[in-house]
Structure formats: C-alpha cells, structure tokens
Participant: 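Before I ask anything, let me first share the structure, which is written out below as structure tokens.
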Amino acid sequence: MNAIDSTPLARGGSLPRLGVAWVTWRQHRFAFYVLLGMLLGFAALMVVGGLEARSTYDHLGLGQCTSFAGGRCQHLRDELFDWYPQQLPFLFLLLLPAAFGAFLGGPLIARELETGTYRFAWTQGAGRTRWLLTRLLLVGAVPAAVAESFGLLYSWYNAPLDRVMRFGFGDYLGFEFKGVVLPVQTLLAFTAGVFAGLLVRRTMIAVSAVFLGMSGLVLALVFKLRRYYMTPRVTAGGTGPRDWVVGRAYVDPGGHLLDSSGSHILYTKYLAQLPVSSGPHPSMSYREWLQAQHYTIVTSYHPAGRFWDFQLIEAGWMGLLTLLLALATFWLVRRRLG
C-alpha cells in the first residue's frame, strides 16, 4: 500500500479555500456535462417551438383580434391551440424537480457512504461541516438556477397561446412555471435526496425513493391539494378569464343544493332534450338551459389576484421544509456518522 503524503496538511493545517469546491467539481463534472447537454437540447427545442408559435400567431392574424369569444377569431384561436405540442414541456418540467433531487441529491452523500471515501475527505483538513456545506451549496445551486431558467423559458414559449386562451392561474400548470415555486420545489427535492441518501446509505434506494416521492407530491399538489391553500370565494354570477374555478354546484328552483348524483341526473336531462343532429355545438348551451329551467349555478373560485398569495404560501412551506431537512442532514453528519 502506498503511503499518502500529508506534509502539506501538517504545515498548513487545512485545505486551500477552494479545495473542497474543486474536489466536488472534479467528482461531479461528468454528471454536470451530461445534464447540461440534455438540458441545452431540450431548451433548443423549446426555443425553436416558441419561434414557430410566434410565426404561426402572426400568420393566422391573431394580433388583429380583440376578442376570442366567437366567430373567426375563436376558430383561429382553436387552430393555434391544436398546433401547440402541449405535452412536451409539461411532462418534462413537472418531473424536473424530482429528477434533480433523485439523480443529483440522492447519490451526493450515499455514494460517499457506500464507498467509504467520506473518511478520507475528513482527514484532509476539510472537516464535516465544510465538506457537507460546500457540496450542498455548490451542487444545489445548479438545479435551482436551471429550474428558474426553464420556468422563464416556458413562459416565453407559451406566451402566444396564453395571450389568446387566457388560462386561469390554476389551469394548464401555469402556476407551476410562472413564479418562484419551481426552483423552490427543486431545492426541496435536492435536499430530500441528500437526506434520504444519508439515512439509507444506498444510492439506488435513495434515488428511487426521492424520484417517486417528489413526483407524487408535485402531482398531488397540482391536481388535488393546492386549491385548499385558501378558502375559495363563491358566486352565482360569472368569473374572470384568469380566475381559477375549483368547483360548481347547482341550486334548484326551490333553493336546494343538488348533490353529485342530482347534478348528473340534471345533465342527463339536458342531453336528452337535445336534437340528434345538434352536433358538437348544440343550439342551447348547458348554462342557458339551466337558466331557462330556473336553476342557479354556484361557482367556487380563486380570483386571479391570489396568484402571488398562493405562490408565497407554497414557496414558504417548501422553503421551511427544505431548511429543516438541511439542518437534520447536518446534525446526522456531525453527530451520528462515524
């Protein structure tokens, strides 16, 4: 066995200021290069798609329309909507935090524990705290910055469609990509990956657990949980084009609120009275038919002005959870890791 020359450490007492950062970069540079190539390729596709979307928008003459509620402008709007490759950015960006947390955070400590190289690192003058802090800050800053960049890129890519469709802030995942939530989610996933790797000390288990856990959390937030951050408002009138409608209920002429089965029966009656040749655009809409039958539509919604309230609520609890996981990681490394 070759002896390790520790003379420089004996004289200086510690590594150079950027020594741990340099070692971290050397260990993870290949993963960074692969990740950078994949992200740049996807970004190029989105840039090309965004430029084509603007060209299509101009070619259709949508800039001359003042309203898209009906007629030719609505037809052109639907044509632009059909042109957009909707699922590509959505699927990728939804899984981006989970992927970063699993494949960057999961192996960050777990691989060191599996191979035992963390013991060598602590004998080179770095110390546990500096060793862990450098890794968390240096590696963790990259996915957070990339997530924010892709959020901005998505907003640019989707701008022509957003201009004509006027989605509510809870629809089509616009909430996910147009604020501060995406980078905070990414930091949470990354910190959870580091913590999971430290707990289980197995890279593949940590990667799998974090990817599945964060993917499930994000999907649950998007489709189920986020709407409960604040109590929705209720109105019997209309809502704004940017409001987030979370539910509708129907009140019969006697003032009784219909349950889900009663609402289904009511809609079945509406379909039964339509002529067979009505096609996809019936002569009387469901809302118009309900009004003719003296039913009242009660809508639960979050007004568009709550967008940043919801953003701050979600970023706040995720940021707090990230801080708690980071503190727990430091405590485990300093007190429990031998």
Side-chain angles (χ1 to χ4, degrees), residues 20-21 24-25 27-28 31-32 34-36 38-39 42-43 89 92-112 129-155 173-200 203 206-222 225-226 229 307-333:
V20 181
T24 303
W25 161 249
Q27 286 182 315
H28 299 279
F32 277 123
V34 174
L35 178 65
L36 181 62
M38 294 175 59
L39 294 176
F42 189 84
F92 175 79
L93 291 177
L94 267 184
L95 297 177
L96 191 61
F100 276 136
F103 298 108
L104 286 183
L108 191 69
I109 304 299
R111 184 181 293 118
E112 300 277 357
T129 302
R130 181 181 171 189
W131 174 77
L132 181 58
L133 183 63
T134 302
R135 286 170 173 272
L136 290 179
L137 293 179
L138 186 62
V139 182
V142 174
V146 170
E148 178 62 21
S149 299
F150 268 91
L152 295 174
L153 180 59
Y154 171 82
S155 298
L173 312 184
F175 179 91
E176 203 79 16
F177 310 135
K178 296 180 181 179
V180 296
V181 163
L182 190 63
V184 177
Q185 277 184 5
T186 304
L187 283 177
L188 174 60
F190 174 76
T191 310
V194 176
F195 181 73
L198 182 59
L199 278 182
V200 301
T203 301
V207 168
S208 303
V210 173
F211 185 80
L212 293 176
M214 282 303 303
S215 298
L217 174 62
V218 170
L219 292 177
L221 286 172
V222 169
L225 303 179
R226 186 175 289 153
Y229 284 163
F307 174 82
W308 283 106
D309 295 332
F310 274 58
Q311 285 275 323
L312 294 177
I313 289 172
E314 185 157 313
W317 74 258
M318 283 191 172
L320 179 60
L321 184 56
T322 301
L323 178 61
L324 293 176
L325 286 173
L327 292 176
T329 300
F330 275 97
W331 183 82
L332 285 174
V333 168

Participant: Can you list the residues that meet the side chain to side chain contact (heavy atoms under 4.5 Å, CB included) rule with Ala192, with sequence neighbours excluded?
Facilitator: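 Counting only residues at least two positions away or on another chain, Ala192 forms a side chain to side chain contact (heavy atoms under 4.5 Å, CB included) with Leu325.
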Participant: With heavy-atom distances below 4.5 Å as the criterion, would you say the side chains of Leu327 and Trp331 are in contact?
Facilitator: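 Side-chain contact under 4.5 Å: no.
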Participant: Do Val181 and Phe310 touch side chain to side chain, with heavy atoms closer than 4.5 Å?
Facilitator: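 Heavy-atom side-chain distance check fails, nothing below 4.5 Å.
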Participant: Can you tell me how far OG1 of Thr322 sits from CG of Leu187, rounded to the nearest 0.5 angstrom?
Facilitator: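 Reported value, rounded in 0.5 Å steps: 6.0 Å.
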Participant: What distance do Leu323 atom CG and Leu188 atom CG have between them, rounded to the nearest 0.5 Å?
Facilitator: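 These two atoms lie 11.5 Å from each other.
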Participant: Can you tell me how far the CG atom of Leu108 sits from the OG1 atom of Thr191, to the nearest 0.5 Å?
Facilitator: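 With rounding to 0.5 Å, CG (Leu108) is 10.5 Å from OG1 (Thr191).
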Participant: Can you give me the closest heavy-atom contact between Ala98 and Ser215, atom names plus distance?
Facilitator: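 The pair with the smallest heavy-atom distance is CB-OG, 3.4 Å.
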Participant: Return yes if some donor-acceptor pair links the side-chain N/O of Gln311 with the main-chain N/O of Phe175 below 3.5 Å, else return no.
Facilitator: yes
Participant: Provide the closest heavy-atom pair for Val210 versus Ala102 in the form atom of the first, atom of the second, distance.
Facilitator: CG1-N, 3.8 Å
Participant: Any idea how Phe177 and Tyr154 line up, ring-wise: parallel (<30°), tilted (30 to 60°), or perpendicular (>60°)?
Facilitator: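 Because their plane-to-plane angle is over 60°, the rings of Phe177 and Tyr154 count as perpendicular.
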Participant: What's the spacing between Leu217 CG and Leu225 CG if we round to 0.5 Å?
Facilitator: 8.0 Å
Participant: For Pro97 versus Ala189, what's the shortest heavy-atom pair and its separation?
Facilitator: O-CB, 3.1 Å
Participant: Using side chain to side chain contact (heavy atoms under 4.5 Å, CB included) as the criterion, point out the one residue from Leu221, Val222, Leu96 that pairs with Glu176.
Facilitator: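 Between Glu176 and the candidates, side chain to side chain contact (heavy atoms under 4.5 Å, CB included) is satisfied uniquely by Val222.
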Participant: For the residue pair Leu136 and Phe190, what are the closest heavy atoms and their distance?
Facilitator: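 Closest pair (atom of Leu136, atom of Phe190, distance): O-CE2, 3.8 Å.
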Participant: With the side chain counted from C-beta on, respond yes when Val146 and Phe100 share a heavy-atom pair under 4.5 Å apart, and no when they do not.
Facilitator: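 Side chain of Val146 against side chain of Phe100, heavy atoms only: contact under 4.5 Å found.
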Participant: Rounded to the nearest 0.5 Å, what's the gap from CD on Glu148 to CG on Leu153? Could you check?
Facilitator: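 It comes to 11.5 Å.
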Participant: What's the shortest heavy-atom distance between Thr329 and Leu198, and which atoms?
Facilitator: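 Residues Thr329 and Leu198, closest heavy atoms: O-CD2, 3.5 Å.
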Participant: Between Ala147 and Pro183, what is the shortest heavy-atom contact and its length?
Facilitator: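 Minimum heavy-atom separation between Ala147 and Pro183: CB-CA, 4.0 Å.
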Participant: Just verifying a value: how many Å separate Leu95 CG and Phe211 CZ, rounded to the nearest 0.5 Å?
Facilitator: 5.0 Å
Participant: Can you give each donor-acceptor pair under 3.5 Å made by side-chain atoms of residues 312-319, sequence neighbours left out, with the distance rounded to 0.1 Å?
Facilitator:
unit_1, atom_1, unit_2, atom_2, d
Glu314, OE1, Arg226, NE, 2.8
Glu314, OE1, Arg226, NH2, 3.4
Glu314, OE1, Tyr229, OH, 2.7
Glu314, OE2, Gln185, NE2, 3.4
Glu314, OE2, Arg226, NH2, 2.8
Trp317, NE1, Tyr229, OH, 3.0

